[in-house]
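Here's the structure, in structure tokens; my notes come after.
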Amino acid sequence: MASLAKPAKLVVFPLLLLHLLSLSAALSVGVNYGAFADNLPPPAQVAAFLKDRTFVDRVKLFDANPDIIRAFAGTGISLMITVPNGDIPSLASRRSSAPSPAASAWVAINVAPFYPATNISLIAVGNEVLATSDRNLIAHLVPAMRSLSAALAASGFPQIRVSTPHSLGILSASEPPSTGRFRPGYDRVIFAPMLDFHRRTRTPFVVNPYPYFGYTARTLDYALFRPNPGVFDPATEVNYTNMFVAQLDAVHAAMQRLGYGDVEIAVGETGWPSAGDPGQLGVSVEDAVSYNANLIRLVNSGKGTPMMPGRRFETYVFALFNENLKPGPTAERHFGLFNADLSPSYDVGLMRDSDHAPAPSGDSWRWCVATADASLAELQSNIDYACGSGGADCGAIQNGGACFDPDTLLAHASYAMNAYYQAAGRHDFNCYFGGTGVLTSTDPSYGNCRYQT
């Protein structure tokens, strides 16, 4: 069928309805617990809330606050704690196989009193150290990671992992993803030994991909997991239809270039704000829902990426709370999944008692169809997205399917767009398709062709 022909391989990530991701479905999602606010509840209340009311099973701290670490005792929630950047030089040891006295002391103060009652699973040595351009910190980073890992093992905690989060500024090239490479000068001197450490210790290389900081008006849908024409990578013949996956594959390509493509990748931070400055494009509750809900589906799907098929990604969404004292633009104070009173900022299916995307009935049924004035190119693009990376079931419009006739782009696009809309959660924005979709309460089914609901 002409309307389903695709010039490129498509990235396929079947959509998972969040309300079906129950305890038995092993939903795993982490959050960044920042405390740049004066109105947050006590740590013990936060820990109990996350344990009893949400599916959050991992928490990342930007420090090693003992009150917060202690609060998570007995919850089973995994904790990532962080060594301040300024402590990195003192942690480093001249002997790669032995810990420095400072590393041993750090473990004795920040880990031993709490573990295993609190499930400390990973220690981040600094945060985005290479972005500081501090040569002293950068030179001591890998030695500090080795030293801290040795200190953990010597103290009887070999199962606690060691890593360090990176911004995507570590890449000198990333578009298309197959061109991904580390910055010259750092590739062999810093990243090769660091990745060797990760391979030997079986620990993740942690990155902080933020499509929010890289989108334009033209690429907004690409950043938000919404229907878009995609970005074609001629080297791999893959058409990427979301920026997050493209960024992960660019990191993988850089790692592969050094011979470390087997090292696991984890996502230390990523997120989208729900409010911004007046008139700011792409910042709203609907935009935050679109990004974070699709992100959670993706990292739990087990489908991986084109370059890393079948992988799951340990992921920490930024952030747990809207932090009212954070400086900068309005958006900086609205990245939170939750408000200070523990009410959700919006629903992405993380609440155990959430009635996310309830099934409508009677007159509340709605369908998504293509507008009559959509161009043929737009209709074809909608089909490619919905039936490809959108994960919609488009079998009915294949040759011989119940909805193959009439064999027109308008009819096939309408079916595909509706299939995507229904599977993605039936939010109004799921039917946007760049302005070529419209919602209707009139059932577009005909004959034996039944549109999904």
Side-chain angles (χ1 to χ4, degrees), residues 28 30-35 40-52 56-129 137 140-165 194 196-206 264 266 268-269 314 316 320:
S28 177
V31 293
N32 283 268
Y33 183 176
L40 299 183
Q45 185 180 356
V46 174
F49 168 75
L50 292 178
K51 175 181 180 291
D52 298 334
V56 171
D57 64 351
R58 299 177 184 275
V59 169
K60 175 171 167 278
L61 305 183
F62 291 96
D63 54 21
N65 184 313
D67 293 331
I68 298 180
I69 297 174
R70 189 178 299 110
F72 281 90
T75 63
I77 293 174
S78 297
L79 219 61
M80 184 196 307
I81 61 176
T82 300
V83 175
N85 284 0
D87 288 355
I88 289 173
S90 67
L91 294 187
S93 173
R94 293 182 180 180
R95 297 169 54 198
S96 62
S97 60
S100 68
S104 297
W106 200 94
V107 171
I109 294 170
N110 297 288
V111 177
F114 310 106
Y115 186 87
T118 297
N119 183 21
I120 300 172
S121 66
L122 195 153
I123 298 177
V125 179
N127 184 53
E128 299 188 350
V129 173
L137 291 182
H140 285 94
L141 179 56
V142 175
M145 294 168 67
R146 292 176 182 147
S147 178
L148 188 60
S149 181
L152 288 165
S155 302
F157 311 126
Q159 63 273 42
I160 298 179
R161 302 166 297 163
V162 172
S163 189
T164 184
M194 182 183 293
D196 182 68
F197 166 82
H198 286 309
R199 174 182 282 166
R200 288 188 297 101
T201 57
R202 298 183 180 182
T203 52
F205 185 73
V206 180
E264 176 188 354
E269 290 180 45
E314 180 178 337
Y316 298 81
L320 177 57

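Small disclaimer: the values here were computed from a predicted structure and weren't measured. Every heavy atom of this structure was used, including side-chain atoms; hydrogens, water molecules and symmetry mates were not.
With sequence neighbours left out, the salt bridge (charged side-chain N to carboxylate O under 4.0 Å, His left out) criterion links Glu264 to no other residue. Here Tyr33 pairs with nothing under the side chain to side chain donor-acceptor pair (under 3.5 Å) rule; sequence neighbours left out. Judged as a salt bridge (charged side-chain N to carboxylate O under 4.0 Å, His left out), and not counting sequence neighbours, Arg202 has no contacts.
For residues 74-108, no residue pair satisfies the ring-ring contact (aromatic ring centres under 6.0 Å, His included) rule, not counting sequence neighbours. Listed by first then second residue, pairs satisfying salt bridge (Lys or Arg N to Asp or Glu O under 4.0 Å) with a partner in residues 97-109 number zero, not counting sequence neighbours. Applying the side-chain hydrogen bond (donor to acceptor under 3.5 Å, both in side chains) test to residues at least two apart or on different chains, none of the pairs has a partner in residues 40-52. Pairs engaging residues 61-77 under the side-chain hydrogen bond (donor to acceptor under 3.5 Å, both in side chains) rule: Asp67-Arg70 [sequence neighbours left out].
The shortest non-hydrogen separation linking Ser28 to Asp57 is OG-OD2, 3.1 Å. In plain terms, the two heavy atoms of Lys60 and Gly268 that are nearest each other are CD-O, 3.5 Å.
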Report, one line per pair, each donor and acceptor closer than 3.5 Å where one atom sits in a side chain of residues 113-127; sequence neighbours left out.
from, atom 1, to, atom 2, distance (Å)
Tyr115, OH, Gln159, NE2, 2.9
Thr118, OG1, Ile69, O, 2.7
Thr118, OG1, Ala73, N, 3.2
Asn119, ND2, Ser78, OG, 3.1

Would you give me the side-chain donor-acceptor pairs under 3.5 Å for residues 142-152, sequence neighbours excluded?
from, atom 1, to, atom 2, distance (Å)
Ser147, OG, Leu91, O, 2.7
Ser147, OG, Ser100, N, 2.9
Ser147, OG, Ser100, OG, 3.4

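Side-chain contact between Ile88 and Val129 is present, with at least one heavy-atom pair separated by less than 4.5 Å. Residues Ile68 and Val59 form no side-chain contact, since every pair of their non-hydrogen atoms from C-beta on lies 4.5 Å or further apart.
Of the inter-residue distances, the one linking Arg161 atom CZ with Glu314 atom CD reads 4.5 Å to the nearest 0.5 angstrom.
Thr203 places no side-chain N or O within 3.5 Å of a backbone atom of Ser163 that could act as its donor or acceptor partner.
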### Message
Does Val111 form a side chain to side chain contact (heavy atoms under 4.5 Å, CB included) with Ile160? I'd like the steps, not just the answer.
### Response
CA-CA 10 Å; Val111 177; Ile160 298 179; 3.7 Å; yes

